2 protein chains.
Amino acid sequence: MASQTEENYLKSLFNLANPQGEVNISDLANQMQVSMPTVNSMVKTLQKSGWLIYEKYKPVTLTSKGQKEAALIIRKHRLTEMFLVNKMGFGWEEVHEIAEQIEHIHAPKLFERMDEMMGFPTIDPHGSPIPDKQGRIQEINYLSLSKIKAGQTVILAALANSSTEFLEFLNSRNLSLGTELHILSKEAYDHSIVVSYLNHPGETLSEKVCEKLLVQILDI
Amino acid sequence: MASQTEENYLKSLFNLANPQGEVNISDLANQMQVSMPTVNSMVKTLQKSGWLIYEKYKPVTLTSKGQKEAALIIRKHRLTEMFLVNKMGFGWEEVHEIAEQIEHIHAPKLFERMDEMMGFPTIDPHGSPIPDKQGRIQEINYLSLSKIKAGQTVILAALANSSTEFLEFLNSRNLSLGTELHILSKEAYDHSIVVSYLNHPGETLSEKVCEKLLVQILDI
DNA sequence: CAATTATGTTAGATGAATCTAACAATATAC
DNA sequence: GTATATTGTTAGATTCATCTAACATAATTG
Ligand SMILES: [Mn+2]
Ligand SMILES: [Mn+2]
Ligand SMILES: [Mn+2]
Ligand SMILES: [Mn+2]
């Protein structure tokens, strides 16, 4: 069984993987906030347990066993976040840190009960998909708000970043998942946009914000 | 901040303390399922952090800081057990192992929400008191069923032992906290007793079982 | 393509939590 | 009150997860 530390490495590896499934040692060191030699020795350990493939001077790649394990930890994380929001009254900006700890609890029944009590949700409070019990993830291809043309109407469906600061910014503007946004105009100079939505007739959003808002186009 | 390992030592120390607050190294080693040298080095570490008083060849004693810390971990454990039973539908025999892990989560709000959602319970699913936020425990002096005379009527209020096996035994006899028991007779030879209760007109309970059933006398 | 920069590895050390083997102190029993 | 048993300590080793310093390889760029 993977240690708590190893589980966190697996999650980072899963999230950092490029389309070919590769992860650089330096990116992993940066993500985990440890030195490269630490990562170097950890990837050797993870390889010995069959979680990944490692060859000197090459980027590492999770094995399918490693991918599944990572996805199942992410499943526990996201189920927990959803449970905290839906069943315990937490705000979406409060749950990540708690889930970061609870994802390491070994108690299959706990997470099954959460799942059951919530009616088997498929997304977490930030719009990210919850992997199923087999570790399969249903990737949904949302569009970034920064790619949408003026005049269109979209629904806020997910976030490309879920940091507390960003979530608190969204709270301050009453923006939540499901909000219907009308793109009124786009500024050519700085790529900021002006949107209108419930009780907010004209709100300006910077490019930095728009990039992180993932939306679905409303075809009426 | 105490590590998960240190937290488990603090809990054991709290539970093993005799009326003078003293704990033997060998009892602690036995409880923690580690060797005596391991305990010896750990108590030195715990002393350095101010959790306990240690002098060579003498039993150790938790400081008041150590007692409070232990009580607050026990609080998290018992709140969790109660939450799992009352809010998530677990049986009282399923929750200890999960609580053993969740008690180490650092998230004050999580436990405050549990507490709130349950209406600030004062006992856990096994009848043990839940320490308050200041780490104070309200000790209730129940009587062991083995001390009760024939002819009396009592209410099952708590358990002196909450092992899964014992809880499953109680489940098999439909015995739960709050059950009203009529002591019909006592066997002088083996100290077993015969009780009657809801749908059980005559159930024999061994001395071993009676010792672990804590009751309140019903004064009608 | 040579120089510079970025990325990755080795070596050696540290602190936490554990072990076994050997020894020391204290308590108990005859 | 000495012998025996119980309890506790020291010494030395191990594994895990981390570090820094030094060195090696690979990629980028003028
Ligand atoms: Mn999260
Ligand atoms: Mn984590
Ligand atoms: Mn318990
Ligand atoms: Mn524990």
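Just so it is clear, the values below take in all heavy atoms, side chains as well, and ignore hydrogens, waters and symmetry mates. A quick note: this is a predicted structure, and the numbers were derived from the prediction, not measured. Letters A, B, ... mirror the listed sequences (proteins, then strands); counts begin at 1.
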> Does B:Ser144 use its side chain to pair, donor to acceptor, with the backbone of B:Ser146 at less than 3.5 Å?
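The answer is yes, because a donor-acceptor pair under 3.5 Å joins these two groups.
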> What integer distance in Å separates B:Glu55:CD from D:dG8:C1'?
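Checked: the CD to C1' distance equals 14 Å.
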> Just checking, is any N or O donor in the side chain of B:His104 or B:Gln4 under 3.5 Å from an acceptor N or O on the other one?
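B:His104 vs B:Gln4: no donor-acceptor pair found between side chains.
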> May I ask you to evaluate whether A:Ser3 reaches the phosphate of D:dC16, defined as a side-chain N or O under 4.0 Å from OP1 or OP2?
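Checking A:Ser3 against D:dC16: no side-chain N or O falls below 4.0 Å of OP1 or OP2.
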> Can you spot which of A:Lys76, A:Lys11, A:Arg78 makes a salt bridge (charged side-chain N to carboxylate O under 4.0 Å, His left out) with A:Glu100?
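The option that passes is A:Lys11.
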> Nearest whole Å is fine: how far is C:dG15 P from B:Glu6 CD?
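Between P of C:dG15 and CD of B:Glu6: 15 Å.
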> Which nucleotide in the list D:dC19, D:dT10, C:dT9 gets nearest to the side chain of B:Lys56?
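For B:Lys56, the side-chain atoms sit closest to D:dT10.
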> Rounded to whole angstrom units, what separation is found between the CE atom of B:Met32 and the C1' atom of C:dA16?
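In whole Å, C:dA16 C1' lies 14 Å from B:Met32 CE.
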> Between P on D:dT15 and NZ on A:Lys48, what's the gap in Å once rounded to a whole number?
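My rounded result for the distance is 11 Å.
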> Classify B:Ser35 by what it touches in the nucleic acid, base, sugar-phosphate, or nothing, heavy-atom distance under 4.0 Å.
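Base contact.
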> Can you measure A:Gln4 atom CD to C:dA17 atom P for me and round it to whole angstrom units?
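Rounded to the whole Å, the gap is 14 Å.
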> Tell me whether B:Lys109 forms a cation-pi arrangement with A:Phe90, defined as NZ or CZ under 6.0 Å from the six-membered ring centre and within 45 degrees of its axis.
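Checked: cation-pi criterion not met.
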> Can you tell me the distance, in whole Å, between the CD atom of A:Gln33 and the P atom of D:dC19?
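Interatomic distance, CD of A:Gln33 to P of D:dC19: 10 Å.
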> Any base atoms under 4.0 Å from A:Lys58, or only sugar-phosphate, or nothing? Heavy atoms, all strands.
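If one applies the 4.0 Å heavy-atom cut-off, A:Lys58 turns out to touch nothing in the nucleic acid.
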> Donor-acceptor pair, A:Asp132 side chain versus A:Gln134 backbone, under 3.5 Å?
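Yes, the answer is positive, given that a donor and an acceptor are paired below the 3.5 Å cut-off.
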> Counting side-chain heavy atoms from C-beta on, which of C:dA17, C:dG8, C:dT20 comes nearest to B:Pro37?
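Selected nucleotide: C:dT20.
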> For D:dC16, does either OP1 or OP2 sit under 4.0 Å from a side-chain N or O belonging to A:Tyr9?
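Answer no for this pair, as no side-chain N or O of A:Tyr9 is under 4.0 Å from OP1 or OP2.
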> Counting the atoms with a prime plus P, OP1 and OP2 as sugar-phosphate, which does B:Ser41 contact under 4.0 Å by heavy atoms, base, sugar-phosphate, or nothing?
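Touches a base.
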> Once you round it to whole Å, what is the distance between P of C:dA11 and CG of A:Asn40?
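Spelled out: CG on A:Asn40 to P on C:dA11 is 11 Å.
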> Taking only the side-chain heavy atoms of B:Thr5 (C-beta and beyond), determine which of C:dA17, D:dA17, D:dT7 contains the nearest atom.
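Nearest listed nucleotide: C:dA17.
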> Considering only D:dT25, C:dT18, C:dT10, which nucleotide approaches the side chain of A:Tyr57 most closely?
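Taking heavy atoms from C-beta onward, the closest nucleotide is D:dT25.
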> A:Gln31 has an atom CD; how far is it from atom P of C:dT7, in whole Å?
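Value for this atom pair: 15 Å.
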> Is the shortest side-chain N/O distance from A:Lys44 to OP1 or OP2 of C:dT10 below 4.0 Å?
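For C:dT10, OP1 or OP2 has a side-chain N or O of A:Lys44 closer than 4.0 Å.
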> Identify whether any heavy atom of A:Thr38 sits under 4.0 Å from a base atom; if not, whether one sits that close to sugar-phosphate; answer base, sugar-phosphate or nothing.
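Here A:Thr38 touches the bases of the nucleic acid.
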